[in-house]
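Read through the structure below, which is laid out as structure tokens, and then see the notes.
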Amino acid sequence: MVEVTGAQLVAESLKAQKVEYMFGIVGVPVIEVAMAAQAAGIKYVGMRNEQAACYAASAVGYMTGRPGACLVVSGPGLIHALGGMANANMNCWPVIVIGGSSDRNQETAGAFQEFPQVEACRLYSKFSARPSSLEAIPSVMEKAVRTSIYGRPGAVYVDIAGDMVNAKVERTKVRGVSCCSPPPVSLADHTAVTEAVALLKAAKAPLVIIGKGAAYGRAEAVLREFVETSGLLFLPTPMGKGVVPDDHPNCVSAARSRALLQADVVLLLGARLNWILHFGLPPRFNPNVKIIQVDLCAEEMGNNVRPAAALLGDIKAVVSQLVALIKKDGWKYPSNTEWWSMLREKAAANTKISKALALRATPQMNYYTVFHHISELLPHDCIIVSEGANTMDVGRTMLNNSLPRHRLDAGTFGTMGVGLGFAVAAAAVERSREKGRRVVCVEGDSAFGFSGMEVETMCRYNLPVVIIVVNNNGIYSGVDAETWKEMAKLGDLTSVAPPVSLLPEARYDEVMTAFGGRGFLVRTVEELRSALQTSLSDWENPSLLNVLIDPSSDRKQQEFPWLTRSNL
Ligand SMILES: Cc1ncc(C[n+]2csc(CCOP(=O)(O)OP(=O)(O)O)c2C)c(N)n1
Ligand SMILES: *[C@@H]1O[C@H](CO)[C@@H](O)[C@H](O)[C@H]1NC(C)=O
Ligand SMILES: [Mg+2]
């Protein structure tokens, strides 16, 4: 008689569903689950906070199309993971959280770390359940993984009662469940496709917006063909960057505001008309703009703006339909239109302003100087992880992506603290690939602090992440060291220090050296370039560049504020 434990069933079921990575923190009752996962051939990455573990697992889901698993203990462990589940669900990224919970016979008795976990996860996931017996584990796992990747991807939760982890059952009594099929692909209604092409042909100022749904849906090849066949101009959303390369001649990122404002027809590909796209409404959009919406989620159609055409289906398949129809017609948007030349001029003017800011000779560097030099040195195929406010926003405009799914940032939910978990995940995935790519993590000093201890995780597993902390002594801005000292004389700092401020010239680089990685304190362009070159040539160790910039450095004047608010 061969017996199998609950832990083994969880691990083997995950492996059977092609889950390759698990991130987590062990303790009672899940230590055996992590060990069983390794025994089943799943890579286990022990993290320092469940939040970061869940961010990491969801990043694997986005990059590979297969959810990463996040393993947490009961009560507080699970609570910490909720932030990661919410972030994944908002981003529509698959992740499977496995939570140990208290023993069934102690429920309601005040058991150790007892919490209503299945109920708690419901608000943060697409699916939240607990297998009722050991025999039920494989099918519940299959359903969880399937749910995370079918339809609109998202977070799922499976609860494992503590007493089930080490309980045993005869293997022959457990029905094996094979791997779920890849998500079924559906095409858009042919009439809607015809309407969409007619709208594009009649447009004077058409614009394609490429979202991270297109990146997740692996539509890069067909989308590039679509852009080049149709001759249309495109604008990526933050994580849509790289699906078609940022330096493609049809990319109008540098004239984003103008392109959004004056487009008369927008083809929305795997992007939502939420706050990132200013709801598709005035003052940021033309009130008469016609939206052609391509999405795999029917409920998304009509959010904020009623679409002129709704193309429901798999993005890769639907874009193929568009390409086929355009090719049949032999239609191409002319490249000598006013729309083209206006956007080109605007883009050139904006780029010139950024460049002038970057090259301004001042004693301290500003955001533009830092990103100008970083962009010259980064390999074109690197994965850029980024978070912060100014750091993320300025960095996004100045750091190009040429490959899809190579930018991971604060995303739809605007979550600070995601960066280091994403970077750990990206580096782990890249290391398993034949030609692993560089992972560069560009962090504001505030953003870095949320998950800063994951530096130890990077050092422990020799993950050669290059972290660049753009340090302005605060959230959006800070004060310099001298002013800070003067301020301390004026009264208790909790009363007088600006709430945005953080410790001036904090030595984040020493967090890295504390664990054996490379740390650099950087004040000048020369130091920045040399530290970055050294870091990029080291594939054994992680590095952290603590780049001190002018704490009063700001974003250049914008036509519109970044966030569209109601008129208060
Ligand atoms: C979890 C979470 N907490 C708080 C915030 C509010 N917030 C937005 S950006 C930001 C940090 C910005 O500072 P930093 O990372 O140093 O970037 P900077 O703008 O200074 O370059 C914070 C705390 C958030 N978005 N997410
Ligand atoms: C980034 O792309 C833009 C075009 O969108 C191009 O002008 C710029 O030179 C590129 N930057 C780098 C560093 O390649
Ligand atoms: Mg800052």
Side-chain angles (χ1 to χ4, degrees), residues 5-15 17 19-61 64 66-88 93-102 112-113 115 117-118 120-121 124-125 128 130 137 141 144-145 148 155-162 164-166 417-418 420-429 432 450-451 453-458 460-461 463:
T5 65
Q8 282 174 301
L9 285 170
V10 169
E12 290 169 11
S13 305
L14 285 171
K15 184 69 181 174
Q17 300 305 321
V19 172
E20 300 293 343
Y21 292 89
M22 180 182 275
F23 302 83
I25 297 184
V26 296
V28 174
V30 299
I31 298 179
E32 292 84 355
V33 177
M35 287 162 51
Q38 286 183 316
I42 293 173
K43 296 190 172 75
Y44 178 79
V45 179
M47 306 280 291
R48 305 306 301 261
N49 186 305
E50 292 86 353
Q51 225 176 51
C54 197
Y55 296 145
S58 71
V60 166
T64 69
R66 213 73 200 172
C70 172
L71 180 71
V72 300
V73 301
S74 43
L78 188 267
I79 300 286
H80 285 174
L82 293 178
M85 291 176 76
N87 187 72
W93 291 0
V95 65
I96 176 166
V97 178
I98 312 286
S101 54
S102 34
F112 174 62
Q113 300 185 332
F115 196 75
Q117 301 185 171
V118 174
C121 287
Y124 302 84
S125 66
S128 180
R130 163 195 276 198
I137 289 175
M141 288 296 197
V145 170
S148 78
V156 297
Y157 176 66
V158 178
D159 196 72
I160 305 294
M164 278 168 61
V165 170
N166 291 319
V418 292
L420 276 76
F422 286 176
V424 165
V429 168
S432 71
F450 286 81
S451 303
M453 200 48 74
E454 300 303 338
V455 161
E456 187 274 330
T457 309
M458 294 172 183
R460 181 162 24 102
Y461 293 109
L463 296 171

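Here the structure is a predicted model, which means the values were calculated and not measured.
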Find the distance between [atom1] ([X]) and [atom2] ([Y]) and round it off to the nearest 0.5 Å.
| X | Y | atom1 | atom2 | value |
| --- | --- | --- | --- | --- |
| I25 | M47 | CD1 | CE | 8.0 Å |
| F115 | S102 | CZ | OG | 11.0 Å |
| S128 | M85 | OG | CE | 6.5 Å |

Minimum heavy-atom distance [X]-[Y], with the two atoms named:
| X | Y | answer |
| --- | --- | --- |
| A7 | A36 | O-CB, 3.6 Å |
| R66 | V145 | NH2-CG1, 4.2 Å |
| C121 | Y157 | SG-CG, 3.5 Å |
| A56 | G421 | CB-O, 3.3 Å |
| V118 | D159 | CG2-CB, 3.6 Å |
| A155 | A88 | CB-CB, 4.5 Å |

Is there side-chain contact between [X] and [Y], with at least one heavy-atom pair below 4.5 Å?
| X | Y | answer |
| --- | --- | --- |
| S432 | K43 | yes |
| I98 | V30 | no |
| S58 | F422 | yes |

- Has F450 got more than 12 heavy atoms of other residues, nucleotides or ligands less than 6.0 Å from its CZ? yes
- Message: For a side chain to side chain contact (heavy atoms under 4.5 Å, CB included) check, start with the C-alpha distance between I96 and L14, then their side-chain angles and the critical distance, and finish with the verdict.
- Response: CA-CA 9 Å; I96 176 166; L14 285 171; 4.0 Å; yes
- Check for a donor-acceptor pair, side chain of E456 on one end and backbone N or O of M453 on the other, with a separation under 3.5 Å.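 It does not hold such a pair.
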- Message: Checking Y21 against T64 for the side-chain hydrogen bond (donor to acceptor under 3.5 Å, both in side chains) test, could you report, in this order, the C-alpha distance in whole Å, the side-chain angles of both residues, the deciding distance, and whether it holds?
- Response: CA-CA 11 Å; Y21 292 89; T64 69; over 6 Å; no
Which pairs of donor and acceptor atoms, one on a side chain in residues 68-84, lie under 3.5 Å apart (sequence neighbours left out)?
| unit_1 | atom_1 | unit_2 | atom_2 | d |
| --- | --- | --- | --- | --- |
| S74 | OG | Q113 | OE1 | 3.0 |
| H80 | ND1 | E50 | OE1 | 2.9 |

- Item | side chain to side chain contact (heavy atoms under 4.5 Å, CB included) evaluation trace for M141 with V158 | CA-CA 7 Å; M141 288 296 197; V158 178; 4.2 Å; yes
- Query: Going through the checks in order, is the side chain to side chain contact (heavy atoms under 4.5 Å, CB included) test met by S451 and N49?
  - Reply: CA-CA 8 Å; S451 303; N49 186 305; over 6 Å; no
- Note on the structure: Exactly one candidate in N87, V95, L420 meets side-chain contact (heavy atoms from CB on, under 4.5 Å) with Y55; the answer is N87
- Task: Test side chain to side chain contact (heavy atoms under 4.5 Å, CB included) on M164 and R130 and set out the steps.
- Result: CA-CA 11 Å; M164 278 168 61; R130 163 195 276 198; 5.7 Å; no
